[in-house]
Amino acid sequence: MYEKDGEEIFVIDGHVHLWDARTENITHEGGEQFIQCFYDYHTGFTPEEEQWDMDEYRHYGADRMANDLFGNAAADMAIFQPTYLTEFYDEGFNTTEQNAEFAEEYPERFVLNGSFDPRDGEEGLRYLEHLKEEYDIPGVKLYTAAWRGDSKGWRLDSDDAFEFLEKCSELGIENINAHKGPTIRPLNRDAFDVKDIDDAASSFPELNFIVNHVGLPRLDDFCWIAAQEPNVYGGLAVASAMSTNRKRKFGEIMGELLYWLGEDRILFGSDYALWNPDWLVDQVMNAELTDEQRDEYGVELDVDTMKKVMGENAARLYDIDIEEKKRQFRDDPMTERFDLADHYGGDAGAAAD
């Protein structure tokens, strides 16, 4: 486990992928544009010594993923967020089934989310039921800007989407993760607009709406919505990367989120493999607000706050018993693979390298 100021912090990376962007899987020019845009984000916010080459970035595989997430105990668990993009990729970019192959090897370490697209109609509803029956998914990841034929996106507040949200409620799929963040070429900026979260969250108070990327670049819109909807949460993927070379901006984002949402509704995510938790967790954990930001927002990035942001909030949403997990991890297969027993045994964990 990560240790800061003598305190153990259980880290749940709330946003990871196992993707395939190899050229043989690309069926549309948008697939190449998409992965190239990802790589630009990667190089723009990754320390030079930690940057990957493009070939490995296209398809890194399960072994590298295991090492990057858990090899030095930077993260203790991770949540898969599938992104199908089947208009661009023959076998999909990152599907529930592909993620499940790895998650089922280490079920104690991963949470497996599914997905839906309301444009799939009755077939999509049956598929959602299948995902629940087959994998017992506790949540879905939604990509409202995904292309489908002539359609270049959909809205969460549409009648069709509400039918799927009703099905989620019926099936007990409580965590609705929506990508509401920066545009990724060639997808449309407006299809990622955060405003459709408002009516959806009001209409389904029994569901948790985790807004991935906290609406960036529409942070203000997101905060106003989340302030009035207690079932709306902020996922820090993308925002967390700004802790590297946009430290003041990261402080501003955290200040706004803590001021409007409070410390109980913010969830850490690395967005792996855009960025890598084996260095990013350390960057986020050591981020500081400026004196001006402390005065303006009246908040602190102290250890108690970061415990919640880095793991406890996700654990609450996904019914994860952290103390039980710590006991399991003393001798689980991932601990044995990377010789991590000291991180989960004894009186204290060890700081990530």
Side-chain angles (χ1 to χ4, degrees), residues 14-17 79-85 93-96 111-120 124 128 131 137-148 151-169 171 173-184 187-240 257 260-261 265-269 271 274 313-314 317-318:
H15 198 124
V16 303
H17 319 85
I79 301 174
F80 272 119
Q81 305 288 7
T83 308
Y84 283 45
L85 296 176
F93 181 64
N94 165 47
T95 69
T96 306
V111 173
L112 182 69
N113 280 335
S115 186
F116 71 71
D117 187 321
R119 294 169 296 187
D120 291 333
L128 186 60
L131 291 179
I137 57 170
V140 288
K141 163 68 181 301
L142 307 178
Y143 222 71
T144 57
W147 290 7
R148 180 67 58 81
S151 171
K152 292 188 176 181
W154 54 277
R155 292 182 59 90
L156 262 169
D157 55 6
S158 67
D159 290 343
D160 290 340
F162 271 34
E163 187 174 4
F164 278 76
L165 291 173
E166 287 170 1
K167 178 61 71 173
C168 284
S169 182
L171 295 172
I173 302 172
E174 296 181 348
N175 297 308
I176 312 300
N177 294 267
H179 177 113
K180 296 295 182 180
T183 301
I184 304 165
L187 305 179
N188 290 354
R189 179 182 185 275
D190 289 347
F192 285 134
D193 194 299
V194 72
K195 293 176 183 176
D196 58 347
I197 293 291
D198 188 13
D199 189 24
S202 296
S203 299
F204 295 91
E206 72 277 16
L207 301 178
N208 307 310
F209 289 83
I210 301 114
V211 176
N212 293 300
H213 322 301
V214 295
L216 294 174
R218 308 170 186 87
L219 179 66
D220 196 48
D221 283 347
F222 166 69
C223 285
W224 282 99
I225 292 169
Q228 69 179 8
E229 303 294 348
N231 58 331
V232 171
Y233 297 75
L236 286 178
V238 173
S240 60
L257 294 173
W260 290 105
L261 280 71
R265 289 196 283 147
I266 308 169
L267 284 68
F268 169 74
D271 219 341
L274 268 84
N313 293 339
L317 292 183
Y318 286 93

Task: For the student: nearest non-hydrogen atoms of Phe164 and Pro118, plus distance - done: CE1-CA, 3.4 Å
- [ ] Flag the pair Pro82 / Thr95 as yes when at least one side-chain heavy-atom distance between them is below 4.5 Å, and no otherwise.
- [x] no
Task: Side-chain heavy-atom pair Ile210, Ile176 within 4.5 angstrom cut-off - done: no
TODO: Could you pull out all residues at least two apart from Asp157 that satisfy salt bridge (Lys or Arg N to Asp or Glu O under 4.0 Å)?
DONE: Arg155
TODO: Indicate the atoms forming the closest heavy-atom contact of Ser115 with Leu128, along with that distance.
DONE: O-CD1, 4.1 Å
- [ ] With sequence neighbours left out, write down each residue that passes salt bridge (Lys or Arg N to Asp or Glu O under 4.0 Å) with Lys195, or none if nothing qualifies.
- [x] none
Task: Ala178 versus Ile197, closest heavy-atom pair with distance - done: CB-CD1, 4.0 Å
- [ ] Just jot down the side chain to side chain donor-acceptor pair (under 3.5 Å) partners of Asn175, sequence neighbours excluded, or say none.
- [x] Asn208
Task: Counterpart residues, side chain to side chain donor-acceptor pair (under 3.5 Å), relative to Arg265 (two or more places apart) - done: none
TODO: Without swapping roles, check the side chain of Asn313 against the backbone of Ile266 for a donor-acceptor pair under 3.5 Å.
DONE: yes
- [ ] Have a look at Gln81 and tell me which of Leu112, Asp271, Asn113 forms a side chain to side chain contact (heavy atoms under 4.5 Å, CB included) with it.
- [x] Asn113
TODO: Measure the spacing between CD1 of Ile173 and CG of Leu207 and express it to the nearest 0.5 Å.
DONE: 9.5 Å
Task: Residue pair Leu261 / Gly234: nearest heavy atoms and the distance that separates them - done: CD2-N, 3.9 Å
Open item on the list: Once ring pair (Phe, Tyr, Trp, His ring centres under 6.0 Å) is applied, do any residues pair with Trp260, and if so which ones, sequence neighbours excluded?
Closed with: Trp224
Task: Spacing of Phe209 atom CZ and Ile225 atom CD1 [to the nearest 0.5 Å] - done: 11.5 Å
Sequence neighbours left out, cut at 3.5 Å: what donor-acceptor pairs do the side chains of residues 139-148 make with other protein atoms?
unit_1, atom_1, unit_2, atom_2, d
Lys141, NZ, Thr83, OG1, 3.4
Thr144, OG1, Lys180, NZ, 3.2
Thr144, OG1, Ala191, O, 2.7
Arg148, NH1, Asp120, OD1, 2.4
Arg148, NH2, Asp117, OD2, 3.2

- [ ] First locate atom SG of Cys168, then atom CD of Glu163, and finally report the distance between them rounded to the nearest 0.5 Å.
- [x] 11.5 Å
- [ ] Check whether any side-chain heavy atom of Val232 lies under 4.5 Å from a side-chain heavy atom of Val211, and answer yes or no.
- [x] yes
- [ ] Any pair with a residue in residues 229-238 that passes salt bridge (charged side-chain N to carboxylate O under 4.0 Å, His left out), sequence neighbours left out, goes on the list, sorted by first then second residue, please.
- [x] none
TODO: First locate atom CG of Leu85, then atom CG of Asn94, and finally report the distance between them rounded to the nearest 0.5 Å.
DONE: 8.5 Å
- [ ] Evaluate the side-chain proximity of Leu257 to Leu219: yes if any heavy-atom separation is below 4.5 Å, no if none is.
- [x] yes
TODO: Give the intermediate values and the outcome of ring pair (Phe, Tyr, Trp, His ring centres under 6.0 Å) for residues Phe192 and His179.
DONE: CA-CA 7 Å; Phe192 285 134; His179 177 113; 4.3 Å; yes
- [ ] Please tell me if the side chains of Asn212 and Val238 come closer than 4.5 Å, counting only heavy atoms from C-beta onward.
- [x] no
Open item on the list: Can you list everything that forms a side chain to side chain donor-acceptor pair (under 3.5 Å) with Asp190? Sequence neighbours excluded, please.
Closed with: none
TODO: Indicate the atoms forming the closest heavy-atom contact of Ala161 with Trp154, along with that distance.
DONE: CB-CZ3, 3.9 Å
Open item on the list: Taking ring pair (Phe, Tyr, Trp, His ring centres under 6.0 Å) as the definition, give me every residue that meets it alongside Phe204, ordered by chain and number, with sequence neighbours left out.
Closed with: Phe162
Task: Partners meeting side chain to side chain donor-acceptor pair (under 3.5 Å) with Ser169 (sequence neighbours left out) - done: Glu206
TODO: Go through the structure and list residues passing ring pair (Phe, Tyr, Trp, His ring centres under 6.0 Å) with Phe93, not counting sequence neighbours.
DONE: Trp19, Phe34, Phe38, Tyr89
Task: Side chain to side chain, Leu317 and Leu267, heavy atoms closer than 4.5 Å - done: yes
Open item on the list: Can you list everything that forms a ring pair (Phe, Tyr, Trp, His ring centres under 6.0 Å) with Phe222? Sequence neighbours excluded, please.
Closed with: none
TODO: Side-chain contact test, heavy atoms from C-beta onward, threshold under 4.5 Å: evaluate it for His17 versus Phe80 and give yes or no.
DONE: no
Task: Min side-chain heavy-atom separation His213-Arg218 under 4.5 Å - done: no
